[in-house]
Participant: 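Below you will find the structure I want to go over with you.
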Amino acid sequence: MSNSIFENAKMLAGKTALVTGGTSGIGLGVAKRFQSLGADVWINSHEAPEDVAATLEDLNSNSALPKVQFAQADMADNVKIDGMLDGVLSVNGRIDILVNNVGIQHVSPIDEFPAEKWQQIIDINLSSAFHLTKHCLPGMSENGWGRVINIASAHGLVASPFKSAYVAAKHGVLGLTKVTALEQAEKGVTSNAICPGYVWTPLVEKQLADQCKVHGLSKEEVIENIMLAPQPTKKFVQIEEVAELAAFLCGDLAGSITGASLPIDGGWTAR
Ligand code: NAD
C-alpha cells in the first residue's frame, strides 16, 4: 500500500473535498493543505461571494494547483445545505472528503445563556455535521472510499465553564463521529474527530471580550490564565498542525484509523 503523505505530493488528486466554514482559521488551513495535495476543494461559508473574493484569489494565485471553489450556504439551514450539496455535485459529481469544520462560540453562564444562542450553536456546530454526513455517505460508500473529518475540540473531551452549548455540541460531534465510523467500517469510509486545544483564529479572538467579562480578567490574563493555562505546552496550537493531521487522515495508510477522537491540544486532555 502506498499513498504516504510524505511520498506522494499529489495524494489527493482526483478527490473532491468540501470544508464547511472554510474561509477562515482552521478550515482555510485545511483547504490550503488539501489543495496543495491536489484535491478539488470547495470552501463553504454563509458569507457573500464578494466578501470571500480576496481569500479565493489568494488561494488560486498558484496556477499549478487545482482551483478552490466557493460553496455559499448558512450551515444553520438544512435547505441551504441541500442546495449547496447539489451545487458541488453538479460540478464535481462526487464528494470524497467531508470536513465538518464550521463552528461558532458563545461565552456565558448557563443561567444567562440565551436560548436562541444555544439553538444556533447546536444547529451550526452539531446538526450541520449530521445533515452533511447523512447526505455524503451514500456516494462515499458507493465509491468504496470516503473520509469524514469532524473538527471537534478539546471541549469534545473535557468541559470549561461558560461554554455550555459549545461543550455539549462538541461532545455530540464525538458521538456522531463514532456512530458514523461503525456504520461505515466495511465500506472504505472512515470517520474521525480532531480535537484541537486553543488555536489562535478569529473565533478565539472574538471570544476574548466575553471571556474578560465572565472571568473579570484583562485580555492578557485571559490568554495566560484561561486559554494557555490548560495547555501544558503554553503555546497556541498552529493551524498548519491541525491541517496536517487532517491530511494524514485522508491517506490510504490511515484507513484503519476510524471512530477516533484525536487530541491536538499541547497535552491539555492528558491531565
Ligand atoms: P473561525 O471563526 O476562524 O472560522 C469559522 C468559519 O465558519 C468561517 O469561515 C465563517 O465564515 C464560517 N461560518 C460561521 N458561521 C457560519 C454559518 N452559519 N454557516 C456557514 N459558515 C459559517 O473559526 P476557527 O477557530 O477556525 O474554528 C473552526 C472549527 O474549529 C470550529 O468548529 C471550532 O469549534 C473548532 N475549534 C477551534 C479552536 C480554536 O481555538 N480556534 C479550538 C478547537 C476547535
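In what follows, every heavy atom counts, from backbone to side chain, and hydrogens, waters and symmetry copies are set aside. Along the sequence shown, residues are numbered consecutively beginning with 1. First listed ligand is number 1; within each ligand, the first listed atom is number 1.
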Participant: Is the NZ or CZ atom of K15 positioned over W145's six-membered ring, under 6.0 angstrom from the centre and within 45° of the axis?
Facilitator: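 Checked: cation-pi criterion met.
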Participant: Treating R147 as the side-chain partner and G251 as the backbone partner, does any N or O pair qualify as donor plus acceptor under 3.5 Å?
Facilitator: yes
Participant: Looking at ligand 1, is there an atom of it that comes within less than 4.0 Å of some heavy atom belonging to W200?
Facilitator: no
Participant: Verify whether one side chain among N44 and T20 offers a donor that lies under 3.5 Å from an acceptor in the other.
Facilitator: no
Participant: Say whether N125 and ligand 1 are in contact under the criterion: heavy-atom distance to a ligand atom below 4.0 Å.
Facilitator: no
Participant: Would you say Q105 contacts ligand 1, with heavy atoms under 4.0 Å as the rule?
Facilitator: no
Participant: With atoms numbered from 1 as shown, which atoms in ligand 1 lie under 4.0 angstrom from a non-hydrogen atom of N44?
Facilitator: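 Those qualifying, in numeric order: 20 (C), 21 (N).
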Participant: Can you tell me the protein heavy atom closest to atom 16 (C) of ligand 1 and the distance?
Facilitator: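 Scanning the protein heavy atoms, the shortest distance from atom 16 (C) of ligand 1 goes to H46 ND1, 3.3 Å.
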Participant: Do ligand 1 and S153 have nitrogen or oxygen atoms that lie under 3.5 Å from each other?
Facilitator: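 N/O-N/O distance under 3.5 Å: no.
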Participant: Would you check whether P196 has a nitrogen or oxygen atom less than 3.5 angstrom from a nitrogen or oxygen atom of ligand 1?
Facilitator: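 Looking only at distances, the answer is no, because the N/O contact criterion of under 3.5 Å is not met.
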Participant: Taking distance alone, with no angle check, do V199 and ligand 1 share an N/O pair under 3.5 Å?
Facilitator: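 Yes - when backbone and side-chain N and O of V199 are compared with those of ligand 1, one distance drops under 3.5 Å.
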Participant: Do S191 and Q184 have side-chain N/O donor and acceptor atoms under 3.5 Å apart?
Facilitator: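 Side-chain D/A pair, S191 to Q184: absent.
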Participant: Report, in ascending order of atom number, the atoms of ligand 1 lying under 4.0 Å from any heavy atom of G103.
Facilitator: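 With G103 as reference, the close atoms of ligand 1 come out as 31 (C), 32 (O).
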Participant: Can the positive tip of R271 be found less than 6.0 Å from the middle of the six-membered ring of W268, inside 45° of the ring normal?
Facilitator: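 Not satisfied by the 6.0 Å and 45° rule.
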Participant: With a heavy-atom distance limit of 4.0 Å, tell me whether H155 approaches ligand 1 through its side chain, its backbone, both, or neither.
Facilitator: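 Neither part.
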Participant: For ligand 1, which atoms, with element, lie under 4.0 Å from some heavy atom of V204?
Facilitator: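 Those of ligand 1 that fall under 4.0 Å from V204 are 39 (C), 40 (O), 41 (N).
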Participant: Please verify whether a non-hydrogen atom of G197 lies at under 4.0 Å from ligand 1.
Facilitator: yes
Participant: Between W42 and I97, is there shared hydrophobic-cluster membership here, with clusters defined by ILVMFWY side-chain heavy atoms closer than 4.5 Å?
Facilitator: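 Per the 4.5 Å side-chain linkage, W42 and I97 are not co-clustered.
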Participant: Should L245 and L12 be regarded as members of a common hydrophobic cluster, given that ILVMFWY residues are connected when their side-chain heavy atoms come within less than 4.5 Å of each other, either directly or indirectly?
Facilitator: yes
Participant: Say whether A73 and ligand 1 are in contact under the criterion: heavy-atom distance to a ligand atom below 4.0 Å.
Facilitator: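 Within the 4.0 Å threshold, so yes.
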Participant: Are I81 and I124 connected into the same hydrophobic cluster when the rule is that any two of I, L, V, M, F, W, Y join if their side-chain heavy atoms are below 4.5 Å apart?
Facilitator: yes
Participant: For N101, take its heavy atoms, then give the atoms of ligand 1 lying under 4.0 Å from any of them.
Facilitator: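 The list of qualifying atoms is 28 (C), 29 (C), 30 (O), 31 (C), 32 (O).
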Participant: Tell me, please: is A152 in heavy-atom contact with ligand 1, that is, under 4.0 Å?
Facilitator: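 Within the 4.0 Å threshold, so yes.
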Participant: E142 side chain to G139 main-chain N or O, any donor-acceptor pair under 3.5 Å?
Facilitator: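 No, the answer is negative, given that no donor and acceptor are paired below the 3.5 Å cut-off.
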